[in-house]
Each structure stands twice: as structure tokens, then as C-alpha cells.
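Have a look at the structure below, then the notes.
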Protein chains: 2
Amino acid sequence: MNRQATPSGGLDDFDLKILAILQRDNATPQREIGKAVNLSAPAVQRRIRRMEESGVIAANVAVVDPDKVGRPITVIVEIAVESERVDLLDAAKASFAAAPEVQQCYYVTGEADFVLVVTVASMAEYEALTRRLFFANPNIRRFRTLVAMDRVKAGLTVPLA
Amino acid sequence: MNRQATPSGGLDDFDLKILAILQRDNATPQREIGKAVNLSAPAVQRRIRRMEESGVIAANVAVVDPDKVGRPITVIVEIAVESERVDLLDAAKASFAAAPEVQQCYYVTGEADFVLVVTVASMAEYEALTRRLFFANPNIRRFRTLVAMDRVKAGLTVPLA
DNA sequence: CCCCTCGCGATACAAACTTGCGCCAACTGA
DNA sequence: TCAGTTGGCGCAAGTTTGTATCGCGAGGGG
């Protein structure tokens with residue numbers, strides 16, 4: 001085991017460099033990655049596979065521009081619940097997670113209980129979503145809507161080392 | 001022009017189906033995509049290329065699990081500014097966008113002016129970030145921190161049609 | 001001191017992508 | 001109505017890319 005100086009997760013510097021490249025563009029040929037990190041293509045391939053199997057790489061996806069597919073509106077929603085009973089929270093989580101308009105959902109501490117990032121085609125659609133997800137759930141005490149005027153930055157990139 | 005019934009963007013049903021697949025897994029072979037949508041592999045390839053060039057597909061990336069690379073903490077930050085002067089807002093946007101810990105940044109209407117999604121390794125790192133991004137900027141009036149206890153759902157998937 | 005294990009590099013193979021070509025359908029304008 | 005034009009599809013060949021196998025060298029433990 002010569003994977004040296006691994007601060008966490010069993011990843012060495014090679015893995016981190018490969019991840020950084022894949023995070024930016026996962027269509028990069030393995031040979032090119034190998035050249036960039038001074039490793040052979042098969043070695044790169046083995047490391048990628050290992051990271052996919054271990055879940056370090058959770059998915060390989062295409063990022064779609066919401067504006068270009070008729071979904072120009074992003075809203076952030078803060079939600080406060082009545083009761084923090086586990087079953088009720090789980091039900092809320094499940095309903096949020098099941099909605100395709102909900103890109104992201106975080107259960108948080110602080111003045112709110114949930115924060116949602118939602119993509120919709122129109123405010124009418126958002127209004128319909130509020131009925132379906134919020135007003136229909138008696139455990140939701142109130143929610144606060146913040147409409148995004150500018151999507152300054154939107155990604156899932158994780159800083160590496 | 002037989003691209004029929006295109007509600008927006010010049011995309012037909014084939015394109016949308018292809019997008020739906022690529023959004024879930026962009027390593028899917030084109031041949032397999034072709035079989036799924038009843039098109040030949042080259043046709044799929046042409047459509048993908050066109051969508052990449054037109055920006056419908058903004059990027060092809062690997063999604064990295066933050067937990068697995070030593071960044072277990074996600075926080076949502078709401079920021080209120082003093083002045084809405086354009087140059088000051090742009091400066092703030094630029095500073096947020098430049099920070100690698102900031103995954104997402106939205107400029108919003110409502111009680112807050114910005115919403116940030118931030119990934120950090122520890123609260124100490126977050127504290128350092130607040131100094132660097134918030135306290136160092138006199139135009140930031142106040143900020144509210146919501147620490148995520150559960151990342152219920154986190155993606156960039158856009159609902160299609 | 002030797003053996004065992006593990007990872008890397010090189011090569012060979014298989015699969016996927018990419019390109020060029022001919023065909024067909026739909027739109028345009030006379 | 002009909003010819004011209006445009007744009008997309010499928011097929012097949014060429015090329016790139018990904019994948020498996022082998023042997024080698026470097027630690028670690030018996």
C-alpha cells in the first residue's frame with residue numbers, strides 16, 4: 001500500500017487531480033488525463049473505476065441549462081414545520097424529494113427547517129407547486145419564497161484538498 | 001424542418017428524451033440511447049453535438065460526494081447588503097463566484113439579497129470563510145447561516161416537458 | 001531472507017464514437 | 001402543381017477510446 005499521505009477516504013494526490021478534471025469535464029479521454037497527471041491510461045482507468053465503486057464519484061451527468069429548456073425561473077424556498085416528529089419530517093422529505101421541480105432539498109438547523117431550490121417554467125407553475133407540496137401538508141407552518149433574479153453560480157463542484 | 005411541436009428552444013421529443021437520459025447518466029452509450037428512443041446512433045450523436053454547441057447541455061461532469069472527500073458540512077447562507085449599487089453588487093457576485101467553497105450563488109428578491117450554498121470541511125473553515133467573504137466586505141449588512149443536517153436531495157436535474 | 005501482495009506500465013483487443021454518402025420527406029416559390 | 005432546396009436519417013467504413021491481460025518492480029510480513 002503505497003497510497004501516501006491520504007488525509008481522508010483513501011485518496012492520494014493522483015486521485016484528487018483526476019477528480020478535479022472529471023468534475024470539470026468527464027468526457028476527457030483517459031489518455032489525456034494520464035498525460036496531465038503523469039500516469040498511464042490504464043492506471044487512470046483503474047482509479048476512476050475504484051472511485052465510482054466506492055461512491056466517491058456519485059454520478060456522471062450532463063448539466064442542462066434551465067433557460068434553454070423553458071424553465072427560466074429558480075426560486076429558493078425556506079420552510080418551517082409545526083412538529084419535528086420524525087415520521088412527519090420523513091414524510092415531508094419524501095414529498096420534496098419526489099417532486100421533479102425540486103432540484104435540491106436540505107434539512108437545516110436555524111430559523112428554518114428546510115431549504116429548497118426549485119426550478120419552474122412560470123410563477124403559475126410555482127403557485128401550483130406550493131399548493132401541492134406546502135398547503136396540502138398540515139405540518140408545514142409557513143414558507144418564505146425568494147425568487148432568483150440572477151443565477152450567479154450553480155454547480156456541484158467540490159473543492160479538493 | 002420536421003422538428004415538430006417544439007414548445008421552446010427548437011427541441012423536439014427526441015431531444016428531450018435524450019436529455020433525460022444524459023441527465024441521469026451521460027456515460028450511456030449512444031447506441032443504447034438510440035435503441036431507447038428509436039433512432040440510430042449517429043442521429044443521437046448529431047443531436048447531442050447540436051445541444052452541446054447551442055448550450056442546452058452546459059457541461060458534462062462527474063458528481064463528487066462531498067462526504068467522501070472530507071467536506072461533510074453544507075451550509076446555506078442568506079445575505080443582506082447595505083447598498084444595491086450595481087458596481088457593489090457585481091463586486092459581491094464576483095467574490096462569491098470566485099470562492100471554490102461556494103457551490104451555488106443566487107441573487108434573489110425578497111428579504112435577503114443573496115443565497116449561497118457552501119461546502120466546508122469544518123465549522124472552523126466556515127468561520128474563516130465568513131471573515132474572508134462577509135466581514136471583509138463593508139457592503140454586507142448581515143448574514144444568516146443555516147447548517148444542513150441532511151442533504152435530502154442535491155442535484156441539478158431539470159424537469160423536461 | 002524469501003515470499004506474498006499490490007499497483008503500475010505496456011500491449012492487444014473490443015467497443016464506441018465519428019465521418020461521409022445516398023436517400024427520403026417537408027417546405028418554398030414559381 | 002411541380003421542381004428546387006433544405007435538413008435529417010440510416011448505413012458502413014475509419015478512427016479514437018475504453019478495457020482486459022500480462023509481466024515487472026516495490027514494499028511488508030513470515
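Nothing here was measured: the structure is a model prediction, and the numbers come from that model. A, B, ... follow the sequence lines: proteins, then strands. Residue 1 opens every chain.
Side-chain polar atoms of B:Asn26 and A:Asn60 form no donor-acceptor pair below 3.5 angstrom.
Within 6.0 Å of CZ in B:Arg142 there are 12 or fewer heavy atoms belonging to other residues, nucleotides or ligands.
Atom CG in A:Asp15 sits roughly 13 Å away from atom C1' in C:dC8 (whole-Å rounding). A:Arg47 has its CZ atom 13 Å from the C1' atom of C:dG9, to the nearest Å. When rounded to the nearest whole Å, the span between CD of B:Glu52 and C1' of C:dT18 equals 13 Å. To the nearest angstrom, P of D:dG18 lies 10 Å from CG of A:Leu22. The separation between B:Ile48 atom CD1 and D:dG8 atom P is 15 Å, rounded to whole Å. In this structure, A:Ile33 atom CD1 and D:dT19 atom P are separated by 12 Å, rounded to whole Å. Between the P atom of D:dC9 and the NZ atom of B:Lys35 lies a distance of 19 Å, rounded to the nearest Å. We find that CD1 of B:Ile18 is positioned 12 Å from P of C:dC17, with the value rounded to whole Å.
Between A:Arg49 and A:Pro29, the residue whose closest nucleotide on DNA chain D is further toward the 5' end is A:Pro29.
Aromatic ring orientation, B:Tyr107 versus B:Phe114: tilted (interplanar angle from 30° to 60°).
Within the structure, a side-chain polar atom (N or O) of B:Gln30 is placed less than 4.0 Å from OP1 or OP2 of C:dT18. Side-chain nitrogen and oxygen atoms of B:Gln45 include at least one within less than 4.0 Å of the OP1 or OP2 phosphate oxygen of C:dT18. Between D:dT17 and A:Arg31, no contact under 4.0 Å exists linking OP1 or OP2 to a side-chain N or O.
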List every contact pair, protein side and nucleotides 10-12 of chain D side both N or O, where the distance is under 3.5 Å.
from, atom 1, to, atom 2, distance (Å)
D:dG10, OP2, B:Ser40, N, 2.7
D:dG10, OP2, B:Ser40, OG, 2.7
D:dG10, N7, B:Arg46, NH2, 3.2

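Linking ILVMFWY side-chain heavy atoms closer than 4.5 Å, directly or via other members, places B:Ile76 and B:Val147 in two distinct hydrophobic clusters. B:Phe134 is connected to B:Val120 through a chain of hydrophobic side-chain contacts under 4.5 Å among Ile, Leu, Val, Met, Phe, Trp and Tyr, so both are in one cluster.
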Indicate every side-chain donor-acceptor pair of residues 91-101 of chain B with a distance under 3.5 Å to a residue at least two apart or in another chain.
from, atom 1, to, atom 2, distance (Å)
B:Lys93, NZ, A:Asp150, OD2, 2.7
B:Ser95, OG, B:Ala92, O, 2.9
B:Glu101, OE2, B:Arg132, NH2, 3.1

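Each of A:Leu116, A:Val117, A:Thr119 was compared with A:Val102 under the side chain to side chain contact (heavy atoms under 4.5 Å, CB included) criterion, and only A:Leu116 meets it.
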